[in-house]
Student: 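One structure is given below, represented as structure tokens, and several questions about it will come after.
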Amino acid sequence: MNNHSTAFNPASAMDFLPREQLEKVQLERLQAIVKRAYDNVALFRKRMEERNLSPSDIKSLKDISKLPFSVKADLRDTYPYGLFASPLKDIVRLHASSGTTGKPIVVAYTKEDMQVWTSVMVRTFAAAGLSNSDIVQNAFGYGLFTGGLGAHGGLEALGAAVIPISGGNTERQIMVLKDFGVTGICCTPSYFIHLLDKAEEAGISMKELPLKVGVFGAEPWTDAMRKRIELDAGIKAFDIYGLSEIIGPGVATECHAHSGLHVFEDHFYPEIINPETCEVLPDGEEGELVLSTLSKQAMPMLRYRTRDITVIEKGECPCGRTIRRIRRISRRSDDMIIIRGVNVFPSQIETALLAVEGTLPHYNIILTREQGLDNIEVDVEVTEELFSDKISGLEELRKKLSSAIEHIIGIRVKVKLVAPRTIPRSEGKAKRVIDKRNME
Ligand code: DLL
């Protein structure tokens with residue numbers, strides 16, 4: 001399926017601009033946004049003054065590295081409205097993201113910001129091959145979370161028939177999926193897997209439904225998971241990335257080449273830094289993604305440290321888009337589990353589990369501490385057939401999984417096979433790691 005060959009093609013010309021032209025747009029926007037932040041947001045002004053910087057010091061795109069970073073704590077410290085650069089009368093939408101502890105962070109949009117958000121979401125769905133002929137079930141949560149309403153705006157502007165079902169109520173989701181002739185779906189990848197299981201339980205094969213495209217994001221998932229989803233559901237699955245602080249979904253998206261996520265660089269400027277030294281790294285090197293908003297009016301963010309670990313891919317994408325790509329985000333710097341001195345990421349365990357047949361991609365990683373020693377246990381669901389099989393089959397599988405994990409992370413972990421449907425499901429972002437170490 002080639003997005004350019006369809007008669008209806010809402011992909012923005014911005015996706016295909018020659019680099020010099022794009023960089024010109026970026027510089028103009030960067031200069032304006034730095035001035036806006038400096039003039040209207042006390043925190044940015046103070047940080048720039050501390051460095052003897054004024055907006056006129058931004059003469060080239062490279063000068064962005066002179067600007068101070070911002071972090072999540074800045075949003076918490078100025079809660080709720082301290083980073084707004086627009087008066088409240090110009091703000092037309094507020095969202096919030098709860099995070100793990102304490103107060104949420106609050107983000108805001110002006111009318112212009114909403115137009116930008118809609119446009120990047122249209123570009124996202126167009127890159128996945130969706131058009132005004134599609135019927136799309138939007139199972140991202142509606143509400144303070146940016147996923148539901150963010151995707152909704154883009155789908156409606158694209159001209160697709162959007163079903164604003166939100167997350168949850170799985171049985172109704174399956175009924176709608178089947179009865180409404182749904183051709184596209186959006187949700188978290190973990191929730192889609194839950195839908196797949198439930199459909200199967202109800203005797204419905206997703207492969208036989210008209211569903212052809214899944215647009216998934218809001219949490220890390222591996223390429224192995226994508227392949228499993230594509231195979232089991234008979235669809236094409238696309239990874240979309242974004243975060244509330246920057247806009248919500250619509251920061252970066254996969255195209256048909258599935259070789260990284262194109263960042264909408266005319267609105268969001270990406271850099272990769274070494275998270276320890278904060279040194280800016282060249283394209284092709286892995287580090288923490290830092291994003292600056294180039295057009296956001298209500299709440300500009302300068303050099304926001306996302307904590308998401310990725311690489312800016314070198315070279316051109318076969319799809320012809322000139323906007324650069326980031327590699328699929330497999331981990332956050334703060335997701336790292338240190339176990340007996342070894343750094344482990346949940347995505348490594350997911351990759352190992354999916355490489356072995358007979359398990360379902362539902363798993364939990366449980367951390368405990370016994371007499372000062374950290375233990376890691378991986379609970380993973382097995383398929384119905386295997387579960388009802390003889391003990392020997394299960395033991396063999398357990399050993400295989402344990403050695404697949406050891407092979408990838410370098411330490412032995414305890415693997416526990418559990419019955420199908422015993423790991424709690426999430427309607428939104430999955431919680432894979434259960435850390436009991438400080439509870440004992
Ligand atoms: O999750 C926005 C979103 C909604 C993105 C729907 C995609 C689809 P937050 O709740 O603020 O915003 O969480 C942002 O989620 O920093 C990443 O750590 C993670 N994340 C988002 N998308 C992906 C992805 C939304 N495709 C945080 N892969 C980000 C990996 C992702 N992690």
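Start at 1 and go down the list; that is how both ligands and their atoms are numbered. In what follows, every heavy atom counts, from backbone to side chain, and hydrogens, waters and symmetry copies are set aside.
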Student: Have a look at ligand 1 and work out which part of L261, if any, has a heavy atom under 4.0 Å from it: side chain, backbone, both or neither.
Tutor: neither

Student: Under 4.0 Å from any heavy atom of P249, which atoms of ligand 1 are there?
Tutor: 2 (C), 3 (C), 4 (C), 5 (C), 6 (C), 7 (C), 8 (C)

Student: Would you say T306 has any N or O atom under 3.5 Å from an N or O of ligand 1, going by distance alone?
Tutor: no

Student: If we set the cut-off at 4.0 Å for heavy atoms, which region of D308 has an atom near ligand 1: side chain, backbone, both, or neither?
Tutor: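 Contact part for D308 vs ligand 1: side chain (C-beta onward).
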
Student: Any chance you could lay out the side chain to side chain donor-acceptor pair (under 3.5 Å) test for H267 and S295, step after step, and finish with the verdict?
Tutor: CA-CA 6 Å; H267 295 296; S295 51; 2.7 Å; yes

Student: Judged on heavy-atom distance to atom 8 (C) of ligand 1, which of F140, F238, F216 sits nearest?
Tutor: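 Heavy atom nearest to atom 8 (C) of ligand 1 belongs to F140.
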
Student: Just going by heavy-atom distances, which of C186, G428, A151, A218 is nearest to atom 20 (N) of ligand 1?
Tutor: A218

Student: Would you verify whether the NZ or CZ of K296 falls within 45 degrees of the ring axis of Y109 while also being under 6.0 Å from that six-membered ring's centre?
Tutor: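 Ring-cation test returns yes.
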
Student: Just going by heavy-atom distances, which of K429, R307, E219, M121 is nearest to atom 1 (O) of ligand 1?
Tutor: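 It is K429 whose heavy atom sits nearest to atom 1 (O) of ligand 1.
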
Student: With only distance considered, is D239 within less than 3.5 Å of ligand 1 through an N or O on each side?
Tutor: yes

Student: Looking at R324, R123, R325, which hits salt bridge (charged side-chain N to carboxylate O under 4.0 Å, His left out) with E265?
Tutor: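 Between E265 and the candidates, salt bridge (charged side-chain N to carboxylate O under 4.0 Å, His left out) is satisfied uniquely by R324.
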
Student: Are any of the N or O atoms of G147 closer than 3.5 Å to those of ligand 1?
Tutor: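 No - when backbone and side-chain N and O of G147 are compared with those of ligand 1, no distance drops under 3.5 Å.
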
